[in-house]
Each structure stands twice: as C-alpha cells, then as structure tokens.
A.B. asks: 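If you scroll down you'll find the structure; I have some questions about it.
Bear in mind that the values here come from a model prediction, so they are computed numbers and not experimental data. So that the names make sense, note that chain A is the first sequence line, chain B the second, and so on, each numbered from 1.
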There are 2 protein chains.
Amino acid sequence: MVSQRGRRNGAAVARKLSTPDADNAPTAEMPAVTENGTEEVARVRAIPEAAVARLAVYLRVLSAMAEQGATTVASEELATSAGVNSAKLRKDLSYLGSYGTRGVGYEVAVLVGQLERVLGLTRQHKVAVVGIGNLGHALANYGGFPGRGFPVEALFDIDPDLIGVPVGGIPVSHLNDIPEVCSERGISIGVIATPPPAAQTVADRLVQGGVQCILNFAPVVLQVPDHVEVRKVDLAVELQILSFHVARRAENVGNGMVVR
Amino acid sequence: MVSQRGRRNGAAVARKLSTPDADNAPTAEMPAVTENGTEEVARVRAIPEAAVARLAVYLRVLSAMAEQGATTVASEELATSAGVNSAKLRKDLSYLGSYGTRGVGYEVAVLVGQLERVLGLTRQHKVAVVGIGNLGHALANYGGFPGRGFPVEALFDIDPDLIGVPVGGIPVSHLNDIPEVCSERGISIGVIATPPPAAQTVADRLVQGGVQCILNFAPVVLQVPDHVEVRKVDLAVELQILSFHVARRAENVGNGMVVR
DNA sequence: GTCTGTGAAGAAGTTCACAGCC
DNA sequence: GGCTGTGAACTTCTTCACAGAC
C-alpha cells in the first residue's frame, strides 16, 4: 500500500519543493550552480505542467491589479479574479517559493517579479510568424505580441506577391529562407499559421533554423524532435468540444427545454 | 464528506461505461443511494473531459483517411497519426462503445459516424463572431468555420463604420443588438474576439441572447452562469508557457549550449 | 498470430483541512 | 481574528498488460 505519490523513481525523493525562506531559487539567467552529481538535487524544477498555464493567468491579473495601485492581495481575491479556487492558487504559488505573508497576503510587486522570473519573461523571445493569410496577418499585427517580451521579428509566406511587402513593419520573406533568417535573427518561437499541408514542412524548416518552440495553428499533428516544444491551438477542436457539451446537455434534458 | 468511490473498493463498482449499442447511453450504475436526497442525477459520467478533445482529433485524422480511400485502420496506425499512444486511443474509443474488430481494426466509416454522433456534429451549431478586428475578421472569413457544421451566422462590432458592412457575406450588427439577433437566428456558439474590456459585457449579452457556449479569445476571465460553457484561447498564455519551457531548458544546461 | 477492449496499477492534478505565523 | 503553506486524501487521467475475439 505504499502511498508514495512521488515521482518515478521510488527513491526517497520527498518532493523538496518550496524550500523555506532563504531564497535559493535558481534564477533564469544565472548559469548558476554546481553540477550535482550524487544524491538528489536541491533544485526546484518541479512545477506541474498544469500549474504553468495558470501562473501566466495570475501574472496577468496581478499586473492589472498593480496598475490599479494594489500593493497586496489575498489568495482568495486573486483566486476569484483568476477564476480558480484559493487552495489551488496557493498551491500553485507555493511552487515558486514562499512569497506570501501569513495573516496578510502577497505583495503584488514581489509576486509579479517571481512569476516573470519563473515564466522566463526576463528575457526576450523573438517570434516568427509563418503564413501571412488572414490569421497570420492578425497575429503579425498584434504588434509585438501580447504582453511584450515577444517581439515579432520575422514573417514568412510562399506567395510571391507578398514577399518583401512589409506587414506590421516587417517585410515578408519566403518560406525557403526560414532556416537562414531564423538563425540570423535568433528566433526562438515559430508560429505556424499556414494551411495544413504546409505545416509539417514549415515546422521542419523552423527546427532547422534553430527554433525551440512552435505555436501551431494548423490543424495538423506535427512531428518534431524531442527538444522542440509544440503547443497547438485548434479552432475546430475547440468548437467540437463545445458541440459535445451542447449535445450532452441535450441528452440529459427530460423535457421541453430548448437546447441549441 | 462521505464521498468515496473508485479506488479502494473498486471491485464493487466496476464502472459500467461503454454500453454497446443503444443510442443515448446514460450508463446508470446504481448510485448506492446515499444521503444526498436533493442533488440531481449527474452520474452519467460518461466521457472524460480529457478524452473529448482527442476524439475531435481522431475524427479529423479519420476523415482524412477516408478521403484517401482507407476503409479500416488499426489502433496503432490511427494513434500514430493522431500523435497519441495506442492504449490511450483504444481507451478513448472504448468510451463510444465497441466498434472495432479484434484482430482487424476499426472501420473508418463507422468510427467517423460514431465520433460525429458523440461530438454532437449531427446537428448544426450556428456561430456568432463578436469583435471584427484583425482576429474577428480572420475568424469570420474562415467561411463556415472549420469542418463545416459551424456556420457563422452573425457578426457584431461596436464601430459605427463597420455596422452594416458585410464581412464574409454577413453584415455586421451592433453590439447592442447581440441578444436580439442571437435569439432570432438561433445562435448557439458565441466567439469573443473583442478587446479585453468589452469581453464581459459581450458575454453577458450573448448569454441574454440564449447562447450556450462561448469561445473566448479575449484575455479575460469571464463570469457566466453555470449552464454556459466557456472555452478560452489565450495567445499570451500559450507564449508564456513556451517561454517557461525555454527557461527550464536554459536552466538545465551545464555548458555552452545555445538556448534561445 | 493479430488486434481490440478493459481491469488494474500508476501518475498527475485537485481539494481538504489544519498547523503555524501574523 | 485572518491568511498562507502544505501534507494527505481524493479525483482524474494515463499506461500497462493481458484476456478474448478474430
């Protein structure tokens, strides 16, 4: 019956998250530390994937609060604004370390700083948008992409009429030049907004160009090397999930309830 | 707090999912009563949320296969194309019922039909797009939205210059008319592509208009009644998640590896 | 032999509830 | 009194591995 809900190796891992004060949290930019060899790592690197997405939301809410002059905030309030419950919020924040004050709450500025650090927002991530159709256009024009820190620095398309034309201040290059241009400009994030058939080829070229992360709007499952991170945004899937829920509801209705 | 089920006493429960045949399958499973007299009947508990998103992906892959003339497919092949492992795929499909043949595989056409049924794609879901800026424009022009079954039938904006102008064949109406127009046209899905400050008001009006589902592109946490389903697509969050992974990688690098 | 369907084990994620500090 | 931080309980999701149908 071993309760052990730790990680994969059963060794006494003991989840050393949230070390008490003494902020040893490894900063993103310091090469930092030591080659631990034996024993376990004192490093905190265990933020659950699911929590990461929420951290980004907290950051946005906190930034808005800071702008309105708030200096402290309680977990309950922040949680409500972020649309989660407070236990989850506190747990999520505990992955960063202990930055709250019992009986009081969190200092907004401190939390913002920590979130930015953990999310890697203390450095810039240059973005390339591939596929300057309707969507790509919209993305390119977002102008420096949401929340700054993500400047769009390259655009690509296959249409000869578009090559060289500036969109949002940046001239469009040809798909063939993806590897070279991405390499030159140090692009770290590629956004794929092409038609489905082109997506895989584009992904390959982005990888060639040294891009580490891809945000894929094309409804295609991309094949990429392990070291490349892909996130997918899939309109059709989102709509179908909604459709599923409508159907679910309709099924459970026992009477004349109108379900669209 | 007496709830208890699953694990520990798994023998008795045996989760009777996947009743074969029979259209709507409410899979009851004698609820052992309990003391909660008031609570409703929400024990249908059929398809796990996480599986639903994947079902939509399987459907797309299968449709493509059907188009190429495939008539049967094995779980391994389908799984690979969909980017999941075969055990997960089989488990997911088992939620629909038993539609495969051991030793052979699945009939593509059958599976497509079942997926469409479960995802509620046998009926149409009329879509309204609110906020005809860059993104809204792109969405409106998707022309009948991905995979049909989701016709765009109403557009809204607040800009007087846009009102009445047709975009993708549909004239833009004013935000104020959302409840009325949605009601009239029987809109079931509202897509919010407005600037953040407008999003909540828009959501309220959509709900007033009887919309059951909202796809929200605005970086805002929406407040809606329980019976309304919201899905969020958040560009900034997606980028920040990618950023997090870059930072993670950078941290773990012990040497001159270039990490963008 | 091949491939599905599925209990059961395992891992990940969420919620509870309370100790500990203000 | 109020609020954070967190082990432990609980829930959901994923993977394993094999019985059973072809």
A.B. asks: Any non-hydrogen side-chain atom of Ile214(B) less than 4.5 Å from a side-chain atom of Val191(B)?
C.D. replies: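 No, side chains not in contact.
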A.B. asks: Which residues in residues 59-82 of chain B have at least one heavy atom lying under 4.0 Å from any atom of DNA chain D?
C.D. replies: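 Within residues 59-82 of chain B, no residue comes under 4.0 Å of DNA chain D.
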A.B. asks: Is the backbone of His125(B) close enough, under 3.5 Å, to the side chain of Ser188(B) for a donor and an acceptor to pair up by distance?
C.D. replies: no
A.B. asks: Figure out the CD1/P separation between Ile47(A) and dT6(D), and round it to whole Å.
C.D. replies: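 Computing the Ile47(A):CD1 to dT6(D):P distance gives 14 Å.
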A.B. asks: Counting only side-chain nitrogens and oxygens, does Tyr106(A) get under 4.0 Å of the OP1 or OP2 atom of dG5(D)?
C.D. replies: yes
A.B. asks: Quick one, Glu116(A) and Leu59(A) - any side-chain contact, counting heavy atoms below 4.5 Å?
C.D. replies: yes
A.B. asks: May I ask you to check whether His245(B) and Gln240(B) show a side-chain donor-acceptor distance below 3.5 Å?
C.D. replies: no
A.B. asks: Nearest-Å distance, CG (Leu93(A)) to P (dT14(C))?
C.D. replies: 14 Å
A.B. asks: How many Å lie between CG on Asp92(B) and P on dT12(D), as a whole number?
C.D. replies: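 Roughly 16 Å, once rounded to whole Å.
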A.B. asks: Take atom CD of Gln114(B) and atom P of dT4(C), then tell me their distance rounded to the nearest Å.
C.D. replies: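 Gln114(B) atom CD is separated from dT4(C) atom P by 17 Å.
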A.B. asks: As a quick check of understanding, evaluate side chain to side chain contact (heavy atoms under 4.5 Å, CB included) for Val207(A) and Val228(A), giving each step before the final call.
C.D. replies: CA-CA 8 Å; Val207(A) 171; Val228(A) 176; 4.0 Å; yes
A.B. asks: Would you mind reading off the distance between Arg90(B) atom CZ and dT14(D) atom P, rounded to a whole angstrom?
C.D. replies: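 Answer to the nearest Å: 15 Å.
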A.B. asks: Is the closest side-chain donor-acceptor distance between Ser75(A) and Arg90(A) under 3.5 Å?
C.D. replies: yes
A.B. asks: If you check every side-chain atom of Tyr95(A), which of dT14(C), dC13(D), dG13(C) has the closest atom?
C.D. replies: dT14(C)
A.B. asks: Kindly compute the distance separating CZ (Arg54(B)) from CG (Leu115(B)), expressed to the nearest 0.5 Å.
C.D. replies: 12.5 Å
A.B. asks: For atom CD of Glu107(A), decide whether the heavy atoms of other residues, nucleotides or ligands shown that lie under 6.0 angstrom number more than 12.
C.D. replies: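 Not more than 12 within 6.0 Å, no.
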A.B. asks: Check the distance between dC16(D)'s C1' and Asn85(B)'s CG and give it to me in whole angstrom.
C.D. replies: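 To the nearest whole Å, that distance equals 10 Å.
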A.B. asks: Going by the side chain to side chain contact (heavy atoms under 4.5 Å, CB included) test, name the single residue among Val233(A), Val220(A), Val230(A), Leu206(A) that passes it with Ile192(A).
C.D. replies: Leu206(A)
A.B. asks: Shorter than 3.5 Å, N or O on both sides, protein versus nucleotides 19-22 of chain D: list them out with atom names.
C.D. replies:
{"residue": "dG20(D)", "atom": "N3", "partner": "Arg102(B)", "partner atom": "NH1", "Å": "3.1"}
{"residue": "dC22(D)", "atom": "O4'", "partner": "Arg102(B)", "partner atom": "O", "Å": "3.3"}

A.B. asks: Kindly point out which of dT6(D), dT14(D), dG13(C) is positioned nearest to the side chain of Lys91(A)?
C.D. replies: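 Nearest to the side chain of Lys91(A) among the choices is dT6(D).
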A.B. asks: Look at the side-chain N and O atoms of Arg54(B) and state whether any lies under 4.0 Å from the OP1 or OP2 oxygen of dT14(D).
C.D. replies: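 True: Arg54(B) side-chain N/O within range (under 4.0 Å) of dT14(D) OP1/OP2.
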A.B. asks: Would you kindly give the CG-to-C1' distance between Leu96(B) and dG5(C), to the nearest whole Å?
C.D. replies: 12 Å
A.B. asks: With the side chain of Ser94(B) defined as its heavy atoms from C-beta on, choose the nearest nucleotide among dT4(D), dT6(C), dC16(C).
C.D. replies: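 Of all the options, the side chain of Ser94(B) is nearest to dT6(C).
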A.B. asks: Rounding to an integer number of Å, can you tell me how far Leu89(A) CG sits from dC16(C) P?
C.D. replies: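 Distance, rounded to whole Å: 15 Å.
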A.B. asks: Of all the choices, dT14(D), dG5(D), dT15(D), which nucleotide is nearest to the side chain of Ser98(A) once you look at every atom?
C.D. replies: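 Out of dT14(D), dG5(D), dT15(D), the nucleotide with an atom closest to Ser98(A)'s side chain is dG5(D).
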A.B. asks: Of all the nucleotides listed (dT6(D), dT14(C), dG13(C)), which has the minimum atom distance to the side chain of Lys88(A)?
C.D. replies: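 Nearest listed nucleotide: dT14(C).
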A.B. asks: What's the spacing between Leu55(A) CG and Ile241(B) CD1 if we round to 0.5 Å?
C.D. replies: 9.5 Å
A.B. asks: From dG13(C), dC13(D), dG5(D), pick the nucleotide closest to the side chain of Ala50(B)?
C.D. replies: dC13(D)
